Asks: 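Dropping the structure in here first, questions after.
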Amino acid sequence: MVDENKQKNKREQWKKQVMNNLKREAVKNIIAGMGDLARLDAKVKNTYTVYIKNGRMIKQPTNGKCVVIKGKIQG
């Protein structure tokens with residue numbers, strides 16, 4: 001009986017871990033897709049995208065040349 005409960009608990013923990021990993025992967029895919037959509041939208045409207053990378057704000061025109069925006073990022 002005790003061994004069955006331990007196995008059941010381990011299975012439940014494993015299920016939770018798998019589900020959390022799947023959720024993380026889904027969120028990563030959604031974020032990546034949104035970035036791609038933003039770049040496509042900027043290309044269609046002939047403007048630029050702005051994003052934060054390594055604590056710096058980056059402005060990327062449709063030609064692909066990245067420009068670091070100087071100034072403070074307010075959080």
Side-chain angles (χ1 to χ4, degrees):
M1 184 78 167
V2 175
D3 288 336
E4 290 177 21
N5 286 338
K6 285 183 180 179
Q7 286 179 344
K8 187 176 180 181
N9 287 338
K10 285 183 180 181
R11 274 191 301 246
E12 291 299 320
Q13 288 175 350
W14 181 78
K15 284 182 187 178
K16 286 180 184 178
Q17 187 178 12
V18 168
M19 290 305 295
N20 285 337
N21 288 340
L22 288 174
K23 288 176 188 174
R24 283 189 196 115
E25 288 301 315
V27 169
K28 286 180 185 178
N29 289 337
I30 290 169
I31 291 170
M34 294 303 289
D36 292 340
L37 286 174
R39 282 189 285 280
L40 286 172
D41 193 36
K43 192 170 192 175
V44 167
K45 295 182 180 179
N46 198 24
T47 122
Y48 53 87
T49 55
V50 176
Y51 56 92
I52 296 174
K53 184 175 183 179
N54 298 330
R56 296 175 143 179
M57 193 176 287
I58 309 291
K59 177 181 172 182
Q60 185 177 12
T62 55
N63 65 6
K65 184 179 178 183
C66 295
V67 177
V68 176
I69 300 173
K70 294 182 179 171
K72 293 183 179 180
I73 300 171
Q74 296 179 356

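The structure presented is a predicted model; accordingly, all values stated were derived computationally and were not measured.
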Asks: Is the backbone of Arg56 close enough, under 3.5 Å, to the side chain of Asn54 for a donor and an acceptor to pair up by distance?
Replies: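 It does not hold such a pair.
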Asks: Atom NZ of Lys10 and atom CD of Gln17: how far apart are they, to the nearest 0.5 Å?
Replies: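 Nearest 0.5 Å value for the NZ-CD distance: 13.0 Å.
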Asks: Taking all atoms of both residues into account, what is the closest heavy-atom pair of Ala42 and Thr49, and its distance?
Replies: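 In terms of heavy atoms, the two residues are closest at CB-CG2, 3.8 Å.
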Asks: Are Ile69 and Tyr48 in one and the same hydrophobic cluster, where Ile, Leu, Val, Met, Phe, Trp and Tyr link if side-chain heavy atoms are under 4.5 Å apart?
Replies: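 Both belong to a single hydrophobic cluster.
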Asks: Cys66 and Ile58: which non-hydrogen atoms are nearest, and at how many Å?
Replies: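 Heavy-atom minimum between the residues: CB-CG2, 3.8 Å.
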Asks: Answer with yes or no whether the hydrophobic clustering places Val27 together with Leu22; edges join I, L, V, M, F, W, Y residues whose side-chain heavy atoms lie under 4.5 Å apart.
Replies: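 No, it is not one cluster - the side chains of Val27 and Leu22 are not joined through contacts under 4.5 Å.
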Asks: Same cluster or not: Trp14 versus Met19, using hydrophobic residues (I, L, V, M, F, W, Y) connected whenever any side-chain heavy atoms lie under 4.5 Å apart?
Replies: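 Yes, because Trp14 and Met19 connect within a single hydrophobic cluster, where side-chain heavy atoms sit under 4.5 Å apart.
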Asks: Please name the pair of heavy atoms, one in Lys43 and one in Thr62, separated by the smallest distance, quoted to 0.1 Å.
Replies: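 Scanning both residues completely, I find the closest heavy atoms to be CA-CG2, 3.3 Å.
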Asks: Could you see if Met34 belongs to whatever hydrophobic cluster contains Leu40? Use Ile, Leu, Val, Met, Phe, Trp, Tyr and a side-chain cutoff under 4.5 Å.
Replies: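 Not linked; separate clusters.
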